[in-house]
Amino acid sequence: MSGSPDDLPFFGDEEAPRPTPREGGIAARAMAARHQAPQQYLEGLNPEQRQAVETTEGPVLVLAGAGTGKTRVLTTRIAHILATGRAYPSQILAVTFTNKAAREMKARVGVFVGEAIEGMPWLGTFHSIGVKLLRRHAELAGLKSSFTILDTDDQIRLLKQLIQAQGLDDKRWPARQFAQMIDGWKNKGLGPSEIQEGDARAFANGKGRELYAAYQERLKTLNAVDFGDLLLHPIRIFRDHPDVLREYYRKFKYILVDEYQDTNTAQYMWLRLLAQRSKGSASSSREDSAYINICCVGDDDQSIYGWRGAEVDNILRFEKDFPGATVIRLERNYRSTAHILGAASHLIAHNEGRLGKTLFTDQPDPDEPKVKVHAAWDSEEEARAVGEEIEALQAKGHALNDMAILVRASFQMREFEDRFVTLGLNYRVIGGPRFYERQEIRDALAYFRVVAQNADDLAFERIVNVPKRGLGEAAVRQIHDVARIRGVPLLQAARDLAGTEEMKPKPRASLRNLVESFERWQGLLDRMPHTELAEQILEESGYTDMWKNDRSAEAPGRLDNLKELIRSMEEYESLRAFLEHVALVMDTDQNAALDAVSLMTLHSAKGLEFDTVFLPGWEEGLFPHQRALDEGGRSGLEEERRLAYVGVTRAKQNLHIWFTSNRRIYGLWQSTLPSRFLDELPEAHVDVVEDGSVYGGYGQSYGGQQPGRPNPYGRSRFDEPGEVFSSPYSTPGWQRAQRNRSEATARNWGTRSGHQVERVGYGEPDSGYGAGRGSVKGRTIEGEFVAKSVSDTPSAFKVGDRVFHLKFGNGNIAAIDGNKLTVDFDKAGQKRVLDGYVERV
DNA sequence: AAGAGGTCCGTTTTT
DNA sequence: CGGACCTCTT
């Protein structure tokens with residue numbers, strides 16, 4: 001085979017087909033279990049699930065709708081393959097996207113097969129399997145198998161250096177942006193020489209390709225890879241070394257892929273290489289079949305990651321890619337009520353280009369509540385009303401753990417958090433900044449990385465002057481120069497430099513001290529428990545002291561995190577093992593013991609379920625998001641709709657959808673229109689709720705009316721009731737939404753922009769909400785329109801003008817700032833609004 | 001080497 | 001508006 005440096009027994013001892021499995025091995029136990037209780041694991045599966053489990057041969061696509069038992073099918077299928085002796089655990093390749101999914105699958109396969117999961121060495125994420133492959137064959141990619149894995153942060157710092165080294169202005173050409181471009185290319189499986197000419201020119205005056213190549217070159221020198229490389233390198237290796245690929249043909253008898261709709265082009269290529277037998281290169285035993293036994297499980301209706309490279313097309317194309325494939329639809333839903341399923345199906349049916357599934361349930365219960373659509377005045381009221389509903393449910397004995405609020409954008413969370421803090425309601429935020437991304441954790445890890453792998457220049461650079469030890473910019477540059485000239489890692493260069501007169505005495509002493517420390521720690525690496533060593537490193541480097549001496553509010557928390565870091569290292573065998581884990585696994589488990597409402601984005605909700613789900617913010621511009629519309633056009637809208645579908649199908653019993661009439665965006669109040677998705681819900685399954693007694697509704701007074709809750713709402717915005725609408729569908733906002741659907745209203749665009757021509761012209765995303773609606777090229781059109789309208793109306797308003805606002809009523813202009821007006825409304829108080837939303841009276 | 005002040009920007013997120 | 005990031009200052 002490949003002749004990798006660490007020639008580990010590549011194919012396990014159960015590799016070669018043998019008449020009987022090793023005694024006591026997993027397969028043996030599984031087979032024994034099968035004899036005792038014949039195919040017990042198949043019981044309880046419905047016919048489609050069972051077919052998906054038992055159709056082991058040839059390509060299979062399982063279209064698994066939300067809540068149809070997808071994971072169960074996957075794990076049972078593995079169990080079935082093992083139990084029937086079709087393959088040994090090491091001959092099954094099972095890939096997932098997230099570590100969480102991989103963990104869950106391991107756990108559930110373990111139930112069937114016994115504890116010894118190490119028998120499934122090829123069950124993991126695309127990336128973790130990529131690492132495994134690459135460590136074996138590193139030299140074929142010009143790397144050593146000890147390569148380090150860079151995270152996004154390292155990647156950006158590296159790119160920034162390269163951009164500057166090219167003499168480019170790194171403000172004009174941000175490294176972050178270039179990192180995204182590189183990610184995009186790598187998602188498509190493209191190396192520097194393969195990218196499109198246009199793409200190559202799009203960055204840094206045509207230097208895109210050159211920079212990309214320089215970056216790859218630099219990574220090679222650093223013996224490092226980024227996440228994209230974990231897929232790309234194996235693809236290259238498979239392509240360029242048919243002998244290596246052949247080993248894997250022989251090895252993997254069954255391939256299983258989870259969440260196939262989320263695969264990007266590179267992942268597709270990777271799978272394809274492993275799954276498709278080119279003529280003549282296949283192993284003799286299966287030469288006649290064109291494809292290996294590949295089973296992809298996914299749901300085209302839940303493809304919500306197009307923006308980060310996922311190709312829904314992969315799943316849509318499956319039958320063409322794998323002729324003769326068996327396609328199995330799982331449509332029997334075990335999660336949600338008939339009303340929720342009805343709503344979800346009707347909504348998603350508005351998408352074109354889907355494979356088509358309709359979820360159904362066997363057990364409709366006449367008492368089930370319909371999906372509820374609520375209207376709120378603004379986001380504050382929305383949060384307040386949702387909070388009350390949650391408290392009411394809690395009072396009825398529902399656990400907070402069974403409830404979730406799913407938002408489109410994370411800024412929406414704030415209002416809910418504020419509200420829950422006031423109410424004293426437990427909540428947990430899922431997603432957001434993660435443990436391993438915190439500054440102190442990354443600093444500590446950088447120390448460990450240098451100790452474990454002293455050529456890790458990026459890590460060295462990160463902490464060379466943290467804590468401050470007088471090694472500023474000048475010193476670092478000096479080290480860099482030496483390293484470059486002599487072609488050695490920074491640590492080595494530092495060691496050399498510390499022994500010369502080239503540096504001023506003070507930094508020199510400091511540098512020598514640091515270098516000696518690293519040498520000392522390296523010497524201890526194999527001599528003491530790694531957790532102790534880690535502690536010692538943080539102590540002796542002065543890192544812990546740095547935070548102890550920091551009197552800022554967050555310092556104690558950071559020290560706690562460092563302790564937590566050390567604690568979490570205990571589970572690993574060695575420092576190296578721990579670092580490998582951290583590089584790939586960025587998530588940490590939440591405190592499951594606490595009973596709390598979950599708060600997260602719709603994206604992070606995929607795969608979860610809750611009895612009660614709240615979906616706030618169903619307004620045009622927010623959901624569907626304006627940017628998805630502007631940049632993604634029709635397919636952008638469809639992805640938003642799939643996101644809505646994902647949200648709806650998270651609910652088991654109760655689903656509450658909310659929209660507000662006003663939302664504050666970038667500090668400005670803006671009128672909002674109900675989301676078009678609301679119109680796409682079937683009336684038969686939806687109740688439009690008028691909870692006027694709970695919240696103000698449209699123009700209703702709500703000052704201190706709530707029993708047992710003394711003035712919880714602050715000021716009353718209205719002194720007298722205004723018009724009360726019978727349902728949100730008859731509100732002005734709703735009606736306006738209907739109008740807007742068919743016609744692009746020039747009124748909105750034309751009058752709201754005032755004096756902001758240059759901002760709009762420069763592409764300022766002021767077009768965000770309300771503008772450009774219904775137009776794929778909103779921004780451009782708006783820009784043209786604005787340019788005209790401004791010359792026509794040099795100044796539309798002046799301070800003191802009496803104006804009318806569709807939502808806030810009458811008021812007087814108190815101040816003008818460009819197109820932003822501060823208006824004292826008679827009833828609604830002082831608000832800042834865009835001039836396009838008011839008219840003079 | 002911290003802090004004031006200025007500028008820019010503003011979905012979604014894994015590995 | 002508010003956060004992140006950067007620069008220039010003391």
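Proteins come first, then strands; the chains are lettered A, B, ... in the order of their sequence lines, and each starts at number 1. Note that the structure is predicted; figures quoted are calculated from it, not measured.
- The side chain of A/Arg627 lies closest to B/dT11 when the candidates are B/dT14, B/dT11, B/dA1.
- If you measure from atom CG of A/Leu150 to atom C1' of B/dT14, you get 16 Å, rounded to the nearest angstrom.
- Comparing atom distances between the A/Leu584 side chain and each of B/dT11, B/dT13, B/dT15 picks out B/dT15 as nearest.
- In this structure, A/Arg664 places its CZ atom 19 Å from P of B/dG10, rounding to the nearest Å.
- The side chain of A/Tyr666 contributes an N or O atom lying less than 4.0 Å from OP1 or OP2 of B/dT11.
- In this entry the distance linking CZ of A/Arg103 with C1' of B/dT15 reads 13 Å, nearest Å.
- As rounded to the nearest Å, B/dT13 and C/dG2 have P atoms that lie 23 Å from one another.
- Residue A/Arg308 places its side chain closer to B/dT14 than to any other of B/dA1, B/dT14, C/dG2.
- A/Arg408 contributes a side-chain N or O that forms a donor-acceptor pair with the base of B/dT12 under 3.5 Å.
- When rounded to the nearest whole Å, the span between CZ of A/Arg176 and P of B/dC9 equals 13 Å.
- Following rounding to the nearest Å, A/Ile304 (CD1) and B/dT13 (P) show an atom-to-atom distance of 9 Å.
- Atom CZ in A/Arg462 sits 7.0 Å away from atom CD in A/Gln439 (nearest 0.5 Å).
- Regarding A/Glu639, its CD atom lies at a distance of 16 Å from the P atom of B/dT11, rounded to whole Å.
- Look at A/Thr601 and you'll find a side-chain N or O under 4.0 angstrom from OP1 or OP2 of B/dT13.
- At least one test fails for A/Arg642 against the ring of A/Tyr645: distance under 6.0 Å to the centre or angle within 45° of the axis.
- The pair A/Asp154-A/Arg157 meets the salt-bridge criterion, since a charged nitrogen lies less than 4.0 angstrom from a carboxylate oxygen.
- Under the 4.0 Å criterion applied to side-chain N and carboxylate O atoms, A/Asp443 and A/Arg438 are not assigned as salt-bridge partners.
- Among the heavy atoms of the strands lying under 4.0 Å from A/Glu640 is at least one base atom, whether or not backbone atoms are also near.
- Considering only side-chain N and O atoms, A/Lys160 lies under 4.0 angstrom from the phosphate OP1 or OP2 of C/dC6.
- For A/Lys171, whose side chain is taken as the heavy atoms from C-beta onward, the closest listed nucleotide among C/dC6, B/dA2, B/dT14 is C/dC6.
- When each of A/Phe97 and A/Gly470 is assigned the nucleotide of DNA chain B with its nearest heavy atom, A/Gly470 is the one assigned upstream, toward the 5' end.
- With B/dT13, C/dG3, B/dT15 as the candidates, the nucleotide lying closest to the side chain of A/Ser604 is B/dT13.
- When rounded to the nearest whole Å, the span between CG of A/Leu668 and C1' of C/dG2 equals 13 Å.
- Distances were taken from every side-chain heavy atom of A/Lys468 (C-beta onward) to each of B/dA2, B/dT13, B/dT15; the shortest belongs to B/dA2.
- Summarising the geometry, the separation between CD on A/Gln180 and P on B/dT14 is reported as 15 Å, rounded to the nearest angstrom.
- To the nearest whole angstrom, the two P atoms, one in B/dT11 and one in C/dA4, are 14 Å apart.
- We find that the ring of A/Phe126 and the base of B/dT15 do not stack by the test of centres under 5.5 angstrom and planes tilted less than 30°.
- Comparing A/His127 and A/Gly667 against DNA chain B, the residue whose closest nucleotide sits nearer the 5' end is A/Gly667.
- Within the structure, every side-chain polar atom (N or O) of A/Asn99 is placed at least 4.0 Å from both OP1 and OP2 of B/dT14.
- The closest side-chain donor-acceptor pair between A/Thr263 and A/Glu311, if any, does not fall under 3.5 angstrom.
- Contacts of A/Thr152 with the nucleic acid, taken as non-hydrogen atoms under 4.0 Å apart, include base atoms.
- Here the rule is ring-ring contact (aromatic ring centres under 6.0 Å, His included) with A/Trp618, and of A/Trp658, A/Phe623, A/Phe659 only A/Phe623 fits it.
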